[in-house]
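All of these numbers come straight from a predicted model, not from anything done at the bench.
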There are 2 protein chains.
Amino acid sequence: MATQSTGERLHAAALTLFAERGYHGTGIRQLADAAGLSSASLYHYMGTKEDLLVAIMRASLGELVEKGEGIAADLRRTPRDRLVDLVGLHVTTHALAPDQTRVVDDEVRVLSTEARREVVALRDRYEAAWQRVLEDGAAAGSFTMTDPALTRRALLEMCSGVARWWTPRGPLGPDEVAGEYAVLALRLVGARPRRVVRDTPRG
Amino acid sequence: MATQSTGERLHAAALTLFAERGYHGTGIRQLADAAGLSSASLYHYMGTKEDLLVAIMRASLGELVEKGEGIAADLRRTPRDRLVDLVGLHVTTHALAPDQTRVVDDEVRVLSTEARREVVALRDRYEAAWQRVLEDGAAAGSFTMTDPALTRRALLEMCSGVARWWTPRGPLGPDEVAGEYAVLALRLVGARPRRVVRDTPRG
DNA sequence: GATGCCCGATCGATCGATCGATCGGTAGGC
DNA sequence: GCCTACCGATCGATCGATCGATCGGGCATC
């Protein structure tokens, strides 16, 4: 791992503190202590405290959105495979970087109108990627659900929840959880059995 | 609706504000304004600001726990029926009282050790009720899941998410959402088709 | 190679505002 | 004459933010 610049150290520290104590629960002096700076020096690296929050959100969410859209838009692959990959992306991200997702999910409300619009737009793009895969699956007949939008919301909330309970000290690793969740997701969308024809084992 | 006492008005106002802006994002002067009191008078009805938060959490979560345990413990009913009712309880509560559930879910971290222990104990009881129903279903062979604890977490997060997206202005009412979610829940736990050919005994 | 200057990085001190909380009261029903 | 209900004034602490200043390394000039 490359040595961390001061700016990166600040971002990392802020991420941890915002996730732990919330945006309003974190003072700039705590931020400064965690980053190894004085409170005055903070302002050399960030604009306002809110700017710092926005930067963190943009980085975290932006990466997720790009990866998600990449998976969703790969039309060479079946909706089923794309859904499994989306679940894998979302679950492993939420397990391994719970701070990022917690901040993005919980602190949107503190943003002023302008900043909120940007973050919400990113989130909308991410949800649209999921929606697309669900609808592709429904159109292809491989998924059976009464309401794709509702199923998408249920699915995403289910997967996001991983950040609220998973711990590295539990019995399952991130990839194992992702695997289990992929099964759950396929059940949720009413995916047809894996091999559509009569290859089924165990009668 | 009965006329509201000042104490009730304070609780209701605090609930709204805490849910909207978060505990640390809400000042006692805002609390006082919303309750129609001076900031000094607040202290006639609450102890500290944290006591107020705890009281709100206790009331909201306590009611949910009691109802949940009541459903889960009714062994005259099938695990399937009990699960459907748990989902109905959870989803309609989260749809109709999103403020309560949002505060309970998001603000646990601000509690000091002692208060947190109490709230977490309540939450554990609630989760245990769900766990029991899932395990009853697995034991009876009516649910098929590889990991009841993981499924329970997925299920609860999925249902809790309703508070984060449902709005009375949407196309579906609370009961309709609850119905859809019951279907999703039954898919998640791998419930066998509704009528299992032969008639099931009551037991 | 030494000199002088600039600038990124950092700090102590401090700003006005607001925080949660407490004080000593008062008004009025019982 | 006490108790519930309420308030204006104010407390010390902390909030986010800004100030002027310092320090040291790079860099052009001589």
Side-chain angles (χ1 to χ4, degrees), chain A residues 2-58 103 106-116 119, chain B residues 2-58 103 106-116 119:
Chain A
T3 40
Q4 226 180 180
S5 75
T6 306
E8 288 165 346
R9 224 182 321 124
L10 171 58
H11 272 240
L15 187 55
T16 304
L17 284 171
F18 286 166
E20 252 173 33
R21 333 219 253 189
Y23 175 81
H24 284 305
T26 306
I28 58 164
R29 286 161 188 83
Q30 292 174 263
L31 242 22
D33 282 350
L37 291 171
S38 73
S39 72
S41 301
L42 240 49
Y43 289 85
H44 180 68
Y45 294 95
M46 63 182 207
T48 64
K49 187 185 169 194
E50 184 182 336
D51 290 338
L52 177 60
L53 176 62
V54 173
I56 287 175
M57 286 186 169
R58 185 160 31 216
V103 170
D106 291 355
E107 306 292 349
V108 178
R109 63 177 166 204
V110 319
L111 298 176
S112 58
T113 321
E114 188 186 357
R116 178 155 62 241
V119 172
Chain B
T3 41
Q4 228 180 179
S5 75
T6 306
E8 288 165 346
R9 225 182 320 123
L10 171 57
H11 273 240
L15 186 57
T16 305
L17 284 171
F18 286 165
E20 252 172 36
R21 307 139 93 80
Y23 175 80
H24 285 306
T26 305
I28 57 164
R29 285 161 187 81
Q30 291 174 267
L31 244 20
D33 282 351
L37 291 171
S38 73
S39 72
S41 302
L42 241 48
Y43 289 85
H44 180 69
Y45 295 95
M46 65 183 203
T48 64
K49 187 186 170 194
E50 186 182 335
D51 289 339
L52 176 61
L53 176 61
V54 174
I56 287 175
M57 286 186 169
R58 187 159 30 215
V103 170
D106 292 355
E107 306 292 350
V108 178
R109 63 177 167 206
V110 318
L111 297 177
S112 58
T113 320
E114 188 185 359
R116 178 155 62 241
V119 173

Completion exercise
Nearest-nucleotide check on DNA chain C, A:R9 vs B:T26; residue mapping nearer the 5' end is A:R9
Which whole-number value in Å describes the distance from [X] [atom1] to [N] [atom2]?
X	N	atom1	atom2	answer
A:H24	C:dG20	NE2	C1'	16 Å
A:H44	D:dC19	NE2	P	16 Å
A:R29	C:dT18	CZ	P	16 Å
B:I28	D:dG12	CD1	C1'	14 Å
A:Y45	D:dA17	OH	C1'	18 Å
B:M46	C:dG20	CE	C1'	8 Å
B:L17	C:dG20	CG	C1'	16 Å
A:L31	D:dT14	CG	P	17 Å

Is there a donor-acceptor pair under 3.5 Å between the side chain of [X] and the backbone N or O of [Y]?
X	Y	result
A:E50	A:S112	yes
A:R109	B:A19	yes
A:D33	A:Q30	no

As a test of reading the structure: which of [options] is closest to the side chain of [X], going by heavy atoms?
X	options	answer
B:A40	C:dG20, D:dG8, D:dA17	D:dG8
B:Y43	C:dC19, C:dT22, C:dT10	C:dT22
B:S39	D:dA17, C:dC11, C:dA21	C:dA21
A:S41	C:dC11, D:dC7, C:dC19	C:dC11

Problem - Identity of whatever pairs with C:dG25 - Watson-Crick or G-U, under 3.5 angstrom - result: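 By the stated definition (distances under 3.5 Å), D:dC6 pairs with C:dG25.
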Practice task
Could you tell me which nucleotide pairs with D:dG12 by Watson-Crick or G-U wobble geometry, both distances under 3.5 Å, or answer none if nothing does?
Solution key: C:dC19
Exercise for the section: Give one of base, sugar-phosphate or nothing for A:L37, where a contact means two heavy atoms less than 4.0 Å apart. Expected result: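 Since only primed, P, OP1 and OP2 atoms lie under 4.0 Å of A:L37, the category is sugar-phosphate.
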Problem - Residue pair B:M57, B:E107: steps toward the side-chain contact (heavy atoms from CB on, under 4.5 Å) verdict - result: CA-CA 9 Å; B:M57 286 186 169; B:E107 306 292 350; 3.7 Å; yes
Practice task
Measure the OG1-CG distance between B:T48 and B:D51 for me, rounded to the nearest 0.5 Å.
Solution key: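 It comes to 3.5 Å.
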